[in-house]
Amino acid sequence: MRQRGGMPMRAHIGDQLIVESPTTGATKRDGEIVGIHHDDGTPPYDVRWSDTDQVTLVFPGPDAHIHPIGDEPTRQREETGHRGSATTRRGARSLSEAVVMALVEDATAAPSMHNAQPWRFQYFRRRRVFHLRADLRGALPHSDPELRALHIGCGAALMNLRVAVAHEGWEAQTRPLPDPGDPMLLASLTLTRPLRDEADPGALYPAVRTRHTSRYPFDEREIPAPVQTALVEAAHREQVALSFVSGWHLQSVVDLALEAEARNLTDPGAAADLARFTRGADDTRPATEGVPESAFGPRRRVGNAPMRDFAGGRTVPGRPAADFETLPHLVLLSTSRDRPVDWLRTGQAVERVLLQATLEGLSASFVTQALEWQDLRWPLRDPMSGMAYVQMVLRLGYGPPGTRTPRRPVDDVLDIEP
């Protein structure tokens, strides 16, 4: 067997076997070489085909050639976890442990309620599959008894993983809730083949590490119509409706959030959830989760921005007060049904919107208080809208970037399997 150009065909484990159409020269099929039967690298090969994930014994014909991945840039990337452009990564067929850890680190940059980080990942080398699982360490038993917010947080992490995988140069297939018998398995993401071109959602990658929740005052200026349209389209790509709240409905949503905030400050269960996931300056617990005092933001002196008081009503020495917006920009993300798959979908939409907003120069914070009270959640909806279930309320605007909050170490949330 000879390569194109007359050279003998030789391969290494992990190289790509490409079979071309004899008439067009386009790729007809490709796969990863996972087994070699001769020490000199000559055929036959055991090949895992990207279209079926099945391994077969292959004697390559004249329409096949080897795409090696053992060049120096690739070796350096595999050793260091560094990722360049999708064009230079396109031939890669396997992921090193360093790259897998970097992808999951990107995923865990996602937001979650109280920064509880309710996720855990598994990566299966042979199948090139990520599993996203619920981690009940991040559950909020009083504020989120149905685990709706947990699913939304995990959906946001899944969106980040999709972005990072596309940035790494892979096409991927995502399946929500793939096993009815395992409700804690929330999604699977299978790497199917290298990208042919830059593809959605990889373009959002620059915002993955720069997006942080901002609990500071925003400017009163309007968000331009083209930016609003881009955010609506971002949510729509995840099958979630996004609407900007205005007029009488805006004041209604603000009032509901303020009512819920007042309830939370006097409710023992809400106080317990908050205490578990906030960190004072003298806190001796490991700073790997929750919201530290440095990220509380200033106390609201005046204004209608419905901010959560992460101090729980207590005085934090040195914490300033500030004037917030009179007319905050609030958006609702809504679905027509209210199932776990809708919550996962909402989480992906929320993160896609936040990443797009970050690229557009916007800051954002969460307004989830009314969503935590069943009798206040239903009135959040616009009765003129066909969307029955509000899943998330976001506050958007032009203001200071948010403060980075801690994350659990990757090795605490990732298992790599054979």
Side-chain angles (χ1 to χ4, degrees), residues 111 113 143-144 146 148-149 151-153 155-156 159 213 218-264 300 303-308 324-357 360 362-398:
M113 186 173 173
S143 304
D144 185 36
E146 296 181 333
R148 190 184 64 83
H151 282 73
I152 290 175
M159 185 74 237
T213 300
F218 297 160
D219 294 345
E220 296 281 359
R221 57 180 160 137
E222 289 297 314
I223 298 175
V227 175
Q228 293 190 30
T229 299
L231 300 180
V232 171
E233 291 177 350
H236 182 71
R237 295 191 74 143
E238 303 303 323
Q239 305 174 55
V240 173
L242 182 148
S243 59
F244 281 78
V245 188
S246 61
W248 68 267
H249 190 209
L250 174 60
Q251 189 58 53
S252 175
V253 172
V254 169
D255 289 344
L256 289 166
L258 294 176
E259 164 67 18
E261 178 69 8
R263 292 188 190 182
N264 287 342
R300 181 167 57 92
N304 288 326
M307 306 302 297
R308 185 189 294 274
F324 282 77
E325 310 95 275
T326 302
L327 292 174
H329 297 296
L330 302 183
V331 298
L332 306 181
L333 287 95
S334 307
T335 57
S336 59
R337 301 181 69 179
D338 196 31
R339 306 161 298 171
V341 69
D342 300 299
W343 307 337
L344 275 174
R345 190 175 293 132
T346 295
Q348 293 174 83
V350 165
E351 185 65 349
R352 185 187 275 270
V353 167
L354 291 175
L355 295 177
Q356 184 66 45
E360 300 285 357
L362 289 166
S363 296
S365 63
F366 293 84
V367 184
T368 63
Q369 297 96 313
L371 295 166
E372 298 155 29
W373 294 89
Q374 198 62 37
D375 62 320
L376 300 182
R377 181 186 173 200
W378 180 256
L380 284 171
R381 64 186 292 272
D382 182 351
M384 304 300 292
S385 169
M387 285 296 173
Y389 299 98
V390 175
Q391 303 289 358
M392 181 56 67
V393 184
L394 296 176
R395 165 180 165 260
L396 302 172
Y398 296 96

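This is a predicted model, so every value here is computed, not measured.
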S.K.: Between the side chain of Asp342 and the main-chain N/O of Thr335, is any donor-acceptor distance below 3.5 Å?
M.R.: no
S.K.: Let me confirm one number: the CG-CG distance from Leu332 to Asp382, rounded to the nearest 0.5 Å.
M.R.: 8.0 Å
S.K.: Under the side-chain contact (heavy atoms from CB on, under 4.5 Å) rule, what do Leu231 and Phe244 come out as? Steps first, then yes or no, please.
M.R.: CA-CA 10 Å; Leu231 300 180; Phe244 281 78; 4.1 Å; yes
S.K.: List for me each residue that meets ring-ring contact (aromatic ring centres under 6.0 Å, His included) alongside His329, sequence neighbours excluded, and say none if there are none.
M.R.: none
S.K.: Work out which heavy atom in Asn304 is nearest to a heavy atom in Thr326; give both atom names and the distance.
M.R.: ND2-O, 2.9 Å
S.K.: Say whether, by atom type as modelled, one donor and one acceptor occur between the side chain of Arg300 and the main chain of Pro306 under 3.5 angstrom.
M.R.: no
S.K.: Checking Arg148 now: which residues fulfil salt bridge (Lys or Arg N to Asp or Glu O under 4.0 Å) with it, not counting sequence neighbours?
M.R.: none
S.K.: If the condition is side chain to side chain contact (heavy atoms under 4.5 Å, CB included), which residues does Ala156 pass it with, not counting sequence neighbours?
M.R.: Ala110, Pro111, Glu351
S.K.: What is the minimum heavy-atom distance between Phe218 and Ala364, and which atoms define it?
M.R.: CZ-N, 3.9 Å
S.K.: Test side-chain contact (heavy atoms from CB on, under 4.5 Å) on Gln391 and Val240; report intermediate values, then the result.
M.R.: CA-CA 9 Å; Gln391 303 289 358; Val240 173; over 6 Å; no
S.K.: Any pair with a residue in residues 249-261 that passes salt bridge (charged side-chain N to carboxylate O under 4.0 Å, His left out), sequence neighbours left out, goes on the list, sorted by first then second residue, please.
M.R.: Glu259-Arg263
S.K.: Rounded to the nearest 0.5 Å, how far does CG of Leu344 lie from CE of Met159?
M.R.: 13.0 Å
S.K.: A side-chain contact here means heavy atoms from C-beta on lying under 4.5 Å apart; do Leu371 and Met113 qualify?
M.R.: no
S.K.: Between Met307 and Ser365, does a side-chain contact (heavy atoms from CB on, under 4.5 Å) hold up when you go through it step by step?
M.R.: CA-CA 8 Å; Met307 306 302 297; Ser365 63; 4.1 Å; yes
S.K.: Looking at NE2 of His151 and OG1 of Thr346, how far apart are the two atoms once the value is rounded to the nearest 0.5 Å?
M.R.: 11.5 Å
S.K.: Could I get the full list of salt bridge (Lys or Arg N to Asp or Glu O under 4.0 Å) partners for Arg395, not counting sequence neighbours?
M.R.: Glu325
S.K.: Which atom names give the shortest non-hydrogen contact between Ala257 and Gln369, and what distance separates them?
M.R.: O-CB, 3.8 Å
S.K.: Determine, stepwise, if the pair Thr368 / Arg308 fulfils side-chain contact (heavy atoms from CB on, under 4.5 Å).
M.R.: CA-CA 9 Å; Thr368 63; Arg308 185 189 294 274; 2.8 Å; yes
S.K.: Report the distance from atom OG of Ser246 to atom CG of Leu327, rounding to the nearest 0.5 Å.
M.R.: 10.5 Å
S.K.: For the OH atom of Tyr389 and the OG atom of Ser334, what is their distance to the nearest 0.5 Å?
M.R.: 12.0 Å
S.K.: Return yes when atom CD of Gln251 has more than 12 non-hydrogen atoms of other residues, nucleotides or ligands closer than 6.0 Å, and no otherwise.
M.R.: yes
S.K.: Check whether any side-chain heavy atom of Phe366 sits under 4.5 Å from a side-chain heavy atom of Leu394, and report yes or no.
M.R.: yes
S.K.: Any idea which heavy atoms bring Ala388 and Trp378 closest together, and the distance?
M.R.: O-CZ3, 3.2 Å
S.K.: Which heavy-atom pair separates Trp343 from Ile152 by the least distance, and what is that distance?
M.R.: O-CG1, 3.4 Å
S.K.: With rounding to the nearest 0.5 Å, note down the distance linking CE in Met384 to OG in Ser243.
M.R.: 13.0 Å
S.K.: Of all the heavy-atom pairs spanning Leu376 and Ala260, show the shortest one and how long it is.
M.R.: CD1-CB, 3.7 Å
S.K.: The criterion is salt bridge (Lys or Arg N to Asp or Glu O under 4.0 Å); which residues satisfy it with Arg221, sequence neighbours excluded?
M.R.: Asp219
